[in-house]
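The structure under discussion appears below in the form of structure tokens.
Order of the sequence lines fixes the chain letters, A, B, ..., with proteins taken first and strands second; residue numbering starts at 1 for each chain. Atoms considered below: every heavy atom in the structure, side chains included; atoms not considered: hydrogens, waters and symmetry mates.
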Number of protein chains: 2
Amino acid sequence: MAGPKGSKYYDVFLDYSIFLSREESKELVLTHEQFQLLLLIEEFGSLTAAAKKMDISYRKAWELVRQSELKLSFTLIDKSRGGRDGGHSTLNPDGKLLVDAYRQLRDEFDESVKRVVKKFFQTINK
Amino acid sequence: MAGPKGSKYYDVFLDYSIFLSREESKELVLTHEQFQLLLLIEEFGSLTAAAKKMDISYRKAWELVRQSELKLSFTLIDKSRGGRDGGHSTLNPDGKLLVDAYRQLRDEFDESVKRVVKKFFQTINK
DNA sequence: TAGCGATAAGAAAATATTTACATAACACAA
DNA sequence: TTGTGTTATGTAAATATTTTCTTATCGCTA
């Protein structure tokens, strides 16, 4: 999925999200949304810009970052105020590592999705 | 992740959820929670039992099923009231196919997670 | 030194979600 | 014909989340 025209699954897409959680308590540590935000911060070097791209308020984006770092108990982002451009936010080395692992997993997942979807449509068309 | 003792990622787990969405509108069609519910309905043959297992109210579980079928515009579950046991809910052939695809993807994802996590800890320990 | 654009953060208002409650139908069995 | 356990569904109450507004700080630049 997405399936071929005429299939029940036309225009429907089998998708996934990646997140971090505590193994024992199952508490969410980093949601898919928080990962997306990190990717956008990396791309734009700005929390304001990332928030706009995600179509959420700056206030919410700021809270997402705050919660990410609070839950992990280490920082992911270097932030600064003032200066020529008003300030910026960039991933620190820990943030980069995490985002790199995320990207690797995403790439592997994308391949899995393709394989399984192909098999699915072979099955329902037999 | 979960990482080795002493690692920043000790007790933290890299995880995922699978869902269905509309390719163009990005509208959610079947959430992870709805997939979980289908799995439990398959296992127990009852919406009431599945709701209890998921620790949500019957009312909510019923709404999740209703929305699933509404969004897909075809049914996934055969439901009946009355009878010896009061009634039951079971997956119909479409429901079974979907749940089977879900399980296949889940199995492939689990392997991917293992691979990537291993690589991650090789990286941060070098 | 005034302005600009970004981060920082509290608080209230607006929305959305979830739970709780209530009532009913259904079909079998005792 | 009454009881039992399930599905069916509307409504109100309770919670949670998100947005909006506001005020502040920071450091370069004109």
What is the distance, rounded to the nearest whole Å, between atom [atom1] of [X] and atom [atom2] of [N]?
X       : N      : atom1 : atom2 : value
A:Leu28 : D:dT17 : CG    : C1'   : 15 Å
A:Leu40 : C:dA6  : CG    : P     : 16 Å
A:Leu64 : D:dT17 : CG    : P     : 12 Å
A:Glu63 : C:dT7  : CD    : P     : 15 Å
A:Asp85 : C:dT7  : CG    : C1'   : 13 Å
A:Tyr58 : C:dG5  : OH    : P     : 16 Å
B:Arg81 : C:dA29 : CZ    : C1'   : 19 Å
A:Asp78 : C:dT7  : CG    : C1'   : 13 Å

Report yes if a side-chain nitrogen or oxygen of [X] is closer than 4.0 Å to either non-bridging phosphate oxygen (OP1 or OP2) of [N]; otherwise report no.
X       : N      : answer
B:Ser57 : C:dT18 : no
A:Trp62 : C:dT7  : no
A:Arg84 : D:dT29 : yes

Pick base, sugar-phosphate or nothing for [X], based on heavy-atom distances below 4.0 Å to the nucleic acid.
X       : result
A:Gly86 : base
B:Arg66 : nothing
B:Gly87 : sugar-phosphate

**OP:** Report yes or no: do A:Tyr102 and A:Gln36 form a side-chain donor-acceptor pair below 3.5 Å?
**Re:** yes
Subject >> Any side-chain donor near an acceptor of the partner, A:Glu108 and A:Gln104, under 3.5 Å >> reply: no
Ignoring the backbone of [X], work out which of [options] is nearest its side chain.
X       : options               : result
B:Thr48 : D:dC28, D:dT6, D:dT19 : D:dT6
A:Lys79 : C:dA8, C:dA9, D:dT7   : C:dA8
B:Arg59 : D:dC26, C:dT18, D:dT9 : D:dT9
B:Ser46 : C:dG10, C:dC28, D:dT6 : D:dT6

Original post:
For A:Gly82 and A:Lys60, take the nucleotide of DNA chain D holding the closest heavy atom to each; which residue's nucleotide lies nearer the 5' end?
Top reply: A:Lys60
Subject >> Non-hydrogen atoms of A:Leu37 and A:Ala61 that approach each other most closely >> reply: CD2-O, 3.6 Å
**OP:** Would you check if B:Thr90 and B:Ile41 make a side-chain contact, meaning some heavy-atom pair closer than 4.5 Å?
**Re:**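 Side-chain contact under 4.5 Å: no.
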Original post:
Which word best sums up how the rings of B:Phe109 and A:Tyr16 line up, parallel for under 30°, tilted for 30 to 60°, or perpendicular for over 60°?
Top reply: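 Geometry flag for A:Tyr16 against B:Phe109: perpendicular rings.
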